[in-house]
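Being a predicted model, the structure only gives us computed values, none of them experimental. We name chains A, B, ... by the order of the sequence lines, and we start the count at 1 in each one. Side-chain atoms are counted along with the backbone in the values below, which use heavy atoms only and exclude waters and symmetry mates.
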Number of protein chains: 2
Amino acid sequence: MGVDCHHTESAQPGLEGAALASAVAAAESKCERTRERLTPPRRRVLERLLEADGPMKAYDLIAAYGQDGEPAKPPTVYRALEFLERLGFAHRIESLNAYVPCRMEGTSHRAAFLICECCGTAEEFEPDFAPQFAAAEAAGYAVRTVTLEARGLCPACKGGA
Amino acid sequence: MGVDCHHTESAQPGLEGAALASAVAAAESKCERTRERLTPPRRRVLERLLEADGPMKAYDLIAAYGQDGEPAKPPTVYRALEFLERLGFAHRIESLNAYVPCRMEGTSHRAAFLICECCGTAEEFEPDFAPQFAAAEAAGYAVRTVTLEARGLCPACKGGA
DNA sequence: AACCAATGCGTTATGAAATAACATAACCCG
DNA sequence: CGGGTTATGTTATTTCATAACGCATTGGTT
């Protein structure tokens, strides 16, 4: 990444085993409640996102799709991502052209990220958008969604070198 | 765009004539002060951005590059855009893959936009990022830049429909 | 069960956005 | 005017994303 200190990419460990299964099960039950379908391709893509240590590019997901190493076709993954975003299970990080699983509990929240330019991690956080909303409404806008991406150095990369 | 009311794209009129010349001259003098060079390709791309009624895609700029209708080669435009962004004369809107000229006075690294999903305009505004900065610093981050993109309906599109 | 509308998937192909790499030219400064 | 630095021209390629079509599955309705 831009700054390049010597840390190996880390800091946002992917899920595995029971934690992974539990996260997927949570998604599944949420889908059932809303009569949405977590179909096999959608589930696979969600798993890949949850397993990852950081943001994944669409073509990383395409390459990692099959358990046997078989890649997916691009529309398969893009369609799954569209679904996962719609349900709030994943977010697209515009400034990276990459995707992360949602780390926040709440159902309705706006996506906001702290992106480390050194190690590449993207930490989701829940900001207070009230001032921005107020400004937008003062200007006569009806805001539907807000995306915020802050770039800088994470604690680990800031401290070391 | 997404919502599609029937307004013709408008709302952010491009500059022409004296106003255009004046904006370019301002950029030029700012460059001189900082010993940067507003070279012909950079100037051309800046002019195209200033003339436009809304955000321009990179390949729109490539197509519109020559006065004689001759397109530019992609790197020419991308390099110019990189320069214009660095100097604060233009901003990239990540969620649109598009570019706008800077409408604000100050040279801050904070770009914030209200993007109308109906007419496609993108209005730059100067938000108060203090709460987000505070949240980021509380999490131990050293923030370098912040991008905020709010999507919704502008006053014109909100009212009519 | 038979139907059918809606939704999702597989597949091929293509479109759109951005950059790598290398050669040449212009600029600045001593 | 020499030499480093910065900018441009050019070709090619890589990366990111979607269009379009037909088939399969689902879930509701009679």
Nearest whole Å is fine: how far is [N] [atom2] from [X] [atom1]?
X     : N      : atom1 : atom2 : result
A:M56 : D:dC16 : CE    : P     : 12 Å
A:R79 : D:dT18 : CZ    : P     : 12 Å
A:I93 : D:dA17 : CD1   : P     : 13 Å
A:K73 : D:dT18 : NZ    : P     : 18 Å
A:D60 : D:dA17 : CG    : C1'   : 15 Å
A:Y59 : D:dT14 : OH    : P     : 13 Å
A:L96 : D:dC16 : CG    : P     : 11 Å
A:E85 : D:dT18 : CD    : P     : 10 Å

Completion exercise
Sorted by position of nearest nucleotide on DNA chain C, 5' first, the leading residue of B:N97 and B:P75 is B:N97

Exercise for the section: Check every atom of D:dT6, D:dA17, D:dT26 against the side chain of B:R37 and return the nucleotide holding the closest atom. Expected result: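 Nearest nucleotide to the side chain: D:dT6.
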
Problem - Reported CG-to-CD distance for the pair B:L148 and B:E94, which is rounded to 0.5 angstrom - result: 12.5 Å

Handout entry: Nearest-0.5 Å distance, CG of residue B:D53 to CD of residue B:Q12
Key = 9.0 Å

Exercise for the section: Could you tell me how the ring of B:F83 sits relative to the ring of B:F89: parallel (under 30°), tilted (30 to 60°) or perpendicular (over 60°)? Expected result: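 Tilted: the ring planes of B:F83 and B:F89 meet at 30° to 60°.
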
Practice task
Mind telling me whether B:H91 and B:F113 have parallel, tilted or perpendicular rings, with 30° and 60° as the class edges?
Solution key: perpendicular

Problem - Any A:K57 side-chain N or O less than 4.0 Å from OP1/OP2 of D:dC16 - result: yes

Practice task
Return no unless some side-chain N or O of B:T76 is found under 4.0 Å from OP1 or OP2 of D:dT10.
Solution key: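 Checking D:dT10 against B:T76, no side-chain N or O comes under 4.0 Å of OP1 or OP2.
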
Exercise for the section: Measure from NZ or CZ of B:R44 to the centre of the six-membered ring of B:Y65, then state whether that distance is under 6.0 Å and the direction lies within 45° of the axis. Expected result: yes

Problem - Start and end of chain B contact along DNA chain C [non-hydrogen atoms, under 4.0 Å] - result: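 The footprint of chain B covers C:dA17 to C:dC27.
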
Problem - Which residue lies more 5' along DNA chain D, comparing A:P74 with B:F83 via nearest heavy atoms - result: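 The residue closer to the strand's 5' end, by nearest nucleotide, is B:F83.
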
Exercise for the section: Flag the pair A:R86 and A:E82 as a salt bridge only when some basic side-chain nitrogen lies within less than 4.0 angstrom of an acidic carboxylate oxygen. Expected result: no

Practice task
Using a strict cut-off of less than 4.0 Å between a Lys/Arg side-chain nitrogen and an Asp/Glu carboxylate oxygen, indicate whether A:K30 and A:E36 qualify as a salt bridge.
Solution key: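 Looking at A:E36 together with A:K30, the answer is no, because their closest N to O distance does not fall below 4.0 Å.
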
Exercise for the section: Name the nucleic acid region contacted by B:P41, choosing base, sugar-phosphate or nothing; use a 4.0 angstrom heavy-atom cut-off, strictly under. Expected result: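 Counting heavy atoms under 4.0 Å across all strands, the contact made by B:P41 is with sugar-phosphate only.
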
